[in-house]
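Heads up, the thing below is written out as structure tokens.
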Amino acid sequence: MQTKQSQLIKPEIETKIDGLMAQMTLLEKAGQLTQLGPSIVGGFDFNAFMENPDPEMFKNAQLDFHEDWIGKGEVGAYLGVQGLDEINRLQKIAVEQSRLGIPLLFGLDVIHGYRTIFPIPLAEACSWEPELARKTAEVAAREASAAGLHWTFAPMVDIARDARWGRIAEGAGEDPYLGSAFAAARVRGFQGDDLSDPQHVAACAKHYIGYGGAVAGRDYNTVEMALQTLQDIYLPPFAAAAEAGVLTFMSGFNDLNGVPTSANRYTLTEILRGQLGFNGFVVSDSNSIGELVAHGYAADRKDAGKKALLAGVDMDMVTKSLRFDIPELVEAGVLPLDVVDEAVRRILRVKFLLGLFERPYRSSAENEAANTLSAAHLELAREAARRAIVLLKNEGGILPLSQEKIRKIAVIGPLADSPFDMLGSWAFTGSPRDVVSILSGIKSATQAEVLYAPGCDINGKQPADFAQAIEAAMQAEVVIAVVGESARMSGEAASRLELGLPGHQESLLKALKETGKPLVVVLSNGRPLALPWVAQNADALLETWQLGVQAGPAVADVLFGAYNPSGKLVATVPYVVGQCPIYYNHPNTGRPSGDFWFTSRYIDGPFEPLYPFGFGLSYTTFAYADLEILPGAKKITVSATVTNTGTVMGEEVVQLYIRDVAASRVRPVRELKGFQKILLAPEQGQTVVFELEVASLGFHAEDMQYVVEPGQFKVWVGTNSAEGLEGEFQVR
Ligand code: GLC
């Protein structure tokens with residue numbers, strides 16, 4: 001059966017590759033396996049940038065691109081080169097000066113937008129609308145390719161179950177079924193249907209594999225898991241990306257059960273090539289080949305390069321090991337030439353499929369100007385942003401705010417007017433200058449007088465002085481407090497030991513609460529935050545994550561009711577950091593948490609999360625009724641009627657969960673197996689039907705075979721993972 005991956009093997013291209021490789025020297029082959037980043041040789045203080053990131057700081061950097069290597073055909077790809085002219089200048093050296101004129105592949109982290117920065121992926125996934133993610137990825141590809149790029153190191157599809165891990169911001173949360181839908185959608189958006197279309201880019205499923213399972217939520221930390229868990233929880237989004245035709249994978253930094261993922265033959269060859277049939281190429285994460293030495297898995301760089309290639313890595317991101325050491329390893333008979341040839345073939349295959357040999361130079365200044373930050377792109381950014389917002393609390397229906405009754409609003413908090421922090425992590429191609437802040441969005445959306453005071457800084461480096469904030473609050477009819485994390489507090493190398501509001505922010509909220517004014521808390525953050533006091537004491541609570549360039553208008557749309565929030569959590573929100581890792585699809589244990597002393601619980605806090613996976617409120621309400629289950633040998637039809645029982649139109653994400661009650665391995669108490677987002681007018685009802693494939697109810701057994709075992713299954717249709725209409729069926 002033809003798959004997207006098998007369709008990557010085109011005889012006419014393979015023949016061209018044969019002809020090219022027959023001419024290549026060993027050094028030229030080593031060059032194709034080498035991805036360089038520009039070496040910063042001056043004019044840039046990295047630590048200063050990390051402390052106070054400003055994209056303008058790149059402008060003064062003096063970079064070394066090793067142009068001599070390009071001219072000798074000893075480089076295959078670049079990352080980190082920005083600007084159409086610079087990319088085409090380097091490409092010209094490769095195409096016109098090197099002996100065989102093989103074009104370079106230019107890649108960059110275009111994770112949630114290029115110039116039009118969209119919500120961070122974790123936020124976007126809360127829309128539960130994969131088609132929306134496909135659209136934003138398509139726009140990101142259009143802007144990135146207009147800027148000369150061929151390849152993005154996205155989507156990040158790592159399952160994340162621990163909010164301490166800062167990279168939870170970059171993916172689609174904790175669930176394999178939802179994560180798979182977003183992985184496939186993002187690949188389709190980036191790559192399009194025609195791989196040679198110059199308005200699309202090659203995608204990259206990363207970080208293969210298990211990276212999000214880092215012990216203690218500490219980035220780059222070791223990962224231990226059962227191979228059944230690897231197959232059933234962490235692999236599905238990668239498999240979905242492969243099924244969607246993704247052209248590249250990126251191996252990770254982490255070791256997995258003792259073997260680093262950038263030299264792990266079981267995952268890189270047996271699973272990726274054998275089980276998934278992947279025909280693109282694998283690039284290592286930045287210097288992760290060189291880091292095999294630090295792992296204690298390789299004796300030196302040469303040993304590392306050999307082990308990575310033998311395991312199934314094809315391209316070396318910036319270690320330069322393959323460039324320097326392959327010729328010697330092959331000539332010494334230590335590394336088989338056919339291993340090198342297969343890696344070269346995979347890389348040339350992607351370059352041919354992208355049309356780089358026919359069209360090595362992309363775009364033009366006019367095309368870039370016409371395709372960047374266009375009105376249509378900004379409108380999509382606003383739509384994606386408001387659909388990412390999750391309403392967590394709305395006591396007494398304080399929201400949406402009444403435009404008629406409210407004459408004075410106090411907007412307080414360090415994130416109210418903080419454009420840079422709205423961009424979130426992995427947005428260095430964007431600019432805070434393109435961001436509409438939450439304060440600006442509110443001011444533009446209301447006739448009321450808006451008073452503003454930051455109240456405190458984000459991280460508590462400045463002493464707390466709430467006087468100005470309290471004064472503003474006392475004059476207003478409602479307080480909107482915008483608090484959370486800076487963009488630097490999530491993403492790579494940004495693990496946290498605590499999950500509360502950094503600095504003096506919670507104290508600021510308590511001081512605002514003391515004023516007795518209605519308190520609407522707007523969170524802007526890159527991970528789930530454990531905020532029990534806020535959940536208890538805010539009158540309304542909006543989780544807005546980091547929403548990108550249209551953060552302000554999107555938040556205002558929800559605050560004033562221009563958009564009825566429809567987001568649902570894709571990662572469990574813990575009550576306290578001590579519960580991490582915490583996720584909804586957990587086994588039951590023999591002593592599930594309960595009132596009895598000797599059960600799986602804590603003596604100093606709750607077992608339940610603050611908010612469960614799939615949770616999110618609306619300005620209206622929905623009722624579920626009439627669950628029906630029609631069993632079948634291959635398919636089970638499950639339906640329920642959902643009615644809008646409120647007074648305004650609203651969208652509901654109807655979720656379907658199952659539980660395999662007794663199996664040869666303990667199974668989760670809930671597994672998401674379907675979702676549908678529907679729009680209902682007041683009093684309107686709709687029967688939502690799910691066709692549940694029996695084949696999808698299985699798991700990997702002790703012998704590592706995927707099985708669907710006969711027996712009793714429970715099923716729920718509901719509004720989140722903790723509630724819903726319950727039924728059951730038998731699998732024969
Ligand atoms: C980083 C990240 C990876 C990124 C790569 C290139 O260390 O782990 O996600 O794509 O390097 O920037």
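Since the structure is predicted, the reported quantities are computational estimates derived from the model, not experimental observations.
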Checklist entry - Hey, does K568 have a side-chain heavy atom less than 4.5 Å from the side chain of T719? => result yes
Checklist entry - Is the closest side-chain heavy-atom distance between V479 and I412 below 4.5 Å? => result yes
ring-ring contact (aromatic ring centres under 6.0 Å, His included) involving [X] - partner list, sequence neighbours excluded:
X: H504; result: none
X: F190; result: none
X: Y114; result: none

Item to check | For the student: nearest non-hydrogen atoms of A416 and Y452, plus distance | outcome: CB-CE1, 3.8 Å
Checklist entry - Is it the case that H377 and E143 place a side-chain donor and acceptor less than 3.5 Å from each other? => result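 Per modelled atom types, H377 and E143 side chains form a pair under 3.5 Å.
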Are the side chain of [X] and the backbone N or O of [Y] linked by a donor-acceptor pair below 3.5 Å?
X: N394; Y: I398; answer: yes
X: K517; Y: A476; answer: yes
X: D219; Y: A493; answer: yes
X: D434; Y: V549; answer: no

Does atom [atom1] of [X] have more than 12 heavy-atom neighbours from other groups under 6.0 Å away?
X: D193; atom1: CG; answer: no
X: E498; atom1: CD; answer: no
X: Y575; atom1: OH; answer: no

Next on the checklist: For E514, is there an ion pair with K510 - N to carboxylate O distance below 4.0 angstrom?
Outcome noted: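 A salt bridge is absent here (no side-chain N lies under 4.0 Å from a carboxylate O).
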Checklist entry - Do E131 and K677 sit within salt-bridge range, that is, some charged N less than 4.0 Å from a carboxylate O? => result no
Checklist entry - Quick one: CG on L542 to CG on L559, what's the gap to the nearest 0.5 Å? => result 5.5 Å
Checklist entry - Only one of E170, E174, E485 clears salt bridge (charged side-chain N to carboxylate O under 4.0 Å, His left out) with R527; which? => result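 The passing option is E485.
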Checklist entry - Do the ring centers of W128 and Y177 come within less than 6.0 Å of each other? => result no
